[in-house]
Every structure is written in C-alpha cells, then in structure tokens.
Amino acid sequence: MLCAGMICSVALCAAHDNIKDIGGESEWKTNISRGAAAVRQDVTDLYIANGLEGDELAVVSAMTLGDKRFIDRSLRNEYSRAGVAHVLALSGTHLAILYFVLMLIVGWSRVGRFVIIATIWCYVVIVGMPVSAVRAAIMLSIFTLTEVLKPGSDRLDVLVTTIMIMVLVNPRIILDVGFQLSIMSVGAIIVICPLLNGLLPPEFHSHHHYLSKIWGMVSVGLAAQLGTAPLVAFYFHSLPCWFIISNLIVVPLTTLLLYGALAIVMFWPLSFIQLWLVKAVGLIAWVMNFTVEFISQLPLAAIDGIRLSVLQVIICYILIAVLLKIIDYLQIKI
C-alpha cells in the first residue's frame, strides 16, 4: 500500500499546477494545460456541430469534460434540490466506466492495467484535474497497483492513503468543499453500504436478484447522502428530500450518457454515426433534465434555510457514527 501510495504521489506531484521550478512555472505544464483546453474545446465544438445545445449541452459538457460554463444557476439549483448535483461533477462513476471499457479493450494483464491507469490519468489531465476526478484516479491507481503487488487491498485503506497523498501534495485542499464532499461520500459508501445491505436477509439477495440490485442502488444513494448531509447543510443551507427517487432514475441515465459520450469519441472519424450518437446522448440529457426539473418542483423537494455551526456538524457526525454502531450491533446479535 505504501509503495502504491508513493508512486501515485509522484505522479500527482508531476501534474500538480502549483509546483514550480527554479525559473518559474514549467513551460511543459503550460503546454499541457493549453493542449487539454484545446481538446475540451474540440469536443465541445463537436457537440455543438451535431446539434447539441441549451441545457442538454450544459449537462453533457459538465459530465464528460468537466466544463460547467453552460450551466446556469437555475439548472444547478434544480439538480441540487433533486439531490443529484453530484452527477454534474466528474467523479468515480465517470472513471469507473472508462476503466471498464478500457479493460475490455486491452485486457487484464499487468501491462494492460498500467495502460488503463495511464489513459485514465490522461483523461483527468484533459478535463482539468478537478478534485473529485483526481481523488478517483488516485484510488483506482492504488487499487490497480496493490492488485498487482499485493492482491486483496481494503477499500478504506485505499481511501485513507488517497487522502494522505492529496493533503501532502497540497495541504490547502483540506479546505476545499469539493474535496470534503467527495471524501465523505466515498467513505460513507464504503462504510455504510455493507450495513444497509445487511438489513435484508441473504435469502432475499439470492432469490430476488433484480430487487437486490435496486436496493443496492438505494443503499448507495442513502449512504452518500447520509455521509454528506451535515456538510451540505452547513455549506449550502439546504437538504433534498426526494433524492432516493431521483437517484434511481438519474444515475442509470448518467451511465448511459457516459457510455454514449465515450462512443462519440471512439467513432470520431465517422461523422454519420457520430451525428446519431450525439442525438441519442442529447435525448438522454433531455430526459434527465426533465426528470430533475419535475422532482425539484415536488412538494417538500428540499428543506431550505438550514443553519449549522461547526460544532453542530461535528455532533451530527457523532450521532451518525452512533447510529451505524447500533445497526452493526443489532445485525451481529440477529
């Protein structure tokens, strides 16, 4: 684990935009930044040339390129009130899909794994290295390296190692809201999901496969929401109420949209196929936006006007920890 963390730390240091050489900022970093921006603009131009516009363009650009220029305040508020604002940020979901597709293409050999990781880091650099994507890339890198060097790594250990790497490289990142939400969301999913899945008997999971899958999606949404709720209330003074329903609809649509966007890039030379792929992705984005708008306007869509102090946030997390401990204790007893 330590070896994997050191390798990832070196990789992150090499790409970090705050590192300067003796004579000032490195020219190669400036060139990489410009090249990444040019790639993002080329893909955006491709979307626009094939008829993608309005809120659909805003959502697709944010989800695939990390470009939120086209997202207006109204659309952002709708996604926030529906409890699905996380899909607009590049995160583990995006990289996991890319990881899976690359695995099918290059295989699962040792060389193939390093090719996958290198490609994922290239993508992270292209999209501007947002905090959540960097966190996900480091975790995937450590997972891959530990599977090669020492199979059977613990996901919580990987998360802790990731946090240490990012804080060592840039201590100020601990104050970044996106970093805090990303870490708490992933940590909650790792810790809480097994407890929620354990609420249902093993017979249910074995005899009701599809219902078990649905419950798995619900448990992920519940875990992420529970892990981030105190921070969301503290920073944004609002909490969504219909997030379970919206996540059950929006998350699968997000997966389809990302697969479609990846297909658009893969068929770059074939303009006719690209045209229909962009139309399909735009339709998925339209359905997502319509769903989010509808849910955000439901009665009690969100609880607004919440004001928490730092001490109250800490108390909330203590209460959540106690609740989880009680659930764990009851499961052991039963």
Side-chain angles (χ1 to χ4, degrees), residues 40 43-44 46-98 100-101 123 127 130 132-133 136 178 181-182 185 189 213-214 216-222 224-225 228 232 236 238-265 274-302:
R40 291 197 299 271
V43 177
T44 301
L46 175 66
Y47 291 154
I48 296 174
N50 285 281
L52 205 58
E53 59 184 6
D55 288 345
E56 289 72 42
L57 174 63
V59 169
V60 174
S61 296
M63 289 185 180
T64 60
L65 302 173
D67 186 353
K68 299 182 180 180
R69 291 177 299 163
F70 306 106
I71 298 181
D72 57 29
R73 182 181 297 273
S74 175
L75 184 63
R76 192 187 300 271
N77 288 340
E78 287 175 357
Y79 271 78
S80 179
R81 289 179 64 83
V84 289
H86 59 90
V87 303
L88 297 176
L90 292 172
S91 62
T93 302
H94 305 72
L95 299 193
I97 290 174
L98 179 60
F100 175 73
V101 173
Y123 173 71
V127 298
S132 56
L181 292 174
S182 177
S185 175
I189 291 172
K213 289 289 186 182
I214 294 174
M217 292 178 59
V218 171
S219 64
V220 169
L222 279 172
Q225 193 69 33
T228 58
V232 170
F236 306 108
S238 177
L239 283 176
C241 296
W242 300 105
F243 63 90
I244 293 179
I245 297 174
S246 55
N247 274 276
L248 282 175
I249 300 172
V250 171
V251 171
L253 289 175
T254 300
T255 303
L256 289 176
L257 187 150
L258 294 174
Y259 276 122
L262 188 58
I264 291 172
V265 176
Q274 267 192 341
L275 173 63
W276 289 102
L277 286 172
V278 171
K279 288 184 179 297
V281 167
L283 177 60
I284 294 171
W286 180 86
V287 174
M288 286 179 56
N289 290 340
F290 177 83
T291 302
V292 168
E293 181 182 6
F294 176 79
I295 293 176
S296 68
Q297 294 177 356
L298 290 175
L300 297 176

Distance from [X] atom [atom1] to [Y] atom [atom2], nearest 0.5 Å?
X      : Y      : atom1 : atom2 : result
Leu262 : Leu98  : CG    : CG    : 6.5 Å
Glu78  : Ile71  : CD    : CD1   : 11.5 Å
Asn77  : Ser296 : CG    : OG    : 9.0 Å
Thr64  : His94  : OG1   : NE2   : 8.0 Å
Gln225 : Phe243 : CD    : CZ    : 4.5 Å

For Arg76, does its backbone N or O pair with a side-chain atom of Ser80 as donor and acceptor, under 3.5 Å?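 Flag not set: sc Ser80 to bb Arg76 has no pair under 3.5 Å.
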Donor-acceptor contact present, side-chain Ser182 to main-chain Gly178, <3.5 Å: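 Absent.
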Is any side-chain heavy atom of Glu53 closer than 4.5 Å to one of Ile48?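 SC-SC contact between Ile48 and Glu53 ruled out.
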Is Thr44 close to Arg69 at the side-chain level, that is, under 4.5 Å between some pair of heavy atoms?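 Contact flag for Arg69/Thr44 side chains = yes.
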What verdict does the side-chain contact (heavy atoms from CB on, under 4.5 Å) test give for Gln297 and Glu293, after you've listed the backbone C-alpha separation in whole Å, the side-chain angles of each residue and the deciding distance to 0.1 Å? CA-CA 6 Å; Gln297 294 177 356; Glu293 181 182 6; 3.7 Å; yes
Can you check side-chain contact (heavy atoms from CB on, under 4.5 Å) on Tyr47 and Val281, steps first, answer last? CA-CA 10 Å; Tyr47 291 154; Val281 167; 6.0 Å; no
Which atom pair, heavy atoms only, marks the closest approach of [X] to [Y]?
X      : Y      : result
Ala82  : Pro240 : C-CB, 4.2 Å
Ala136 : Leu95  : CB-CD1, 3.6 Å
Met63  : Leu258 : O-CD2, 3.7 Å
Leu181 : Thr228 : O-CG2, 3.6 Å
Ala58  : Phe70  : CB-O, 3.3 Å
Lys68  : Ala62  : CG-CB, 4.1 Å

Checking side-chain contact (heavy atoms from CB on, under 4.5 Å) for the pair Asp72/Asp55: CA distance, chi angles, key distance, verdict? CA-CA 8 Å; Asp72 57 29; Asp55 288 345; 4.2 Å; yes
Assess the residue pair Ile264 and Trp276 against the criterion (side-chain contact (heavy atoms from CB on, under 4.5 Å)); give the C-alpha distance rounded to whole Å, side-chain angles, the decisive distance to 0.1 Å, and a yes or no. CA-CA 9 Å; Ile264 291 172; Trp276 289 102; over 6 Å; no
For the CZ atom on Arg73, are there more than 12 heavy atoms of other groups (residues, nucleotides or ligands in this structure) within a distance under 6.0 Å?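 Not more than 12 within 6.0 Å, no.
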According to side chain to side chain donor-acceptor pair (under 3.5 Å), does anything in residues 241-261 pair up with another residue at least two apart or in another chain? List the pairs.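 The answer is His86-Asn247.
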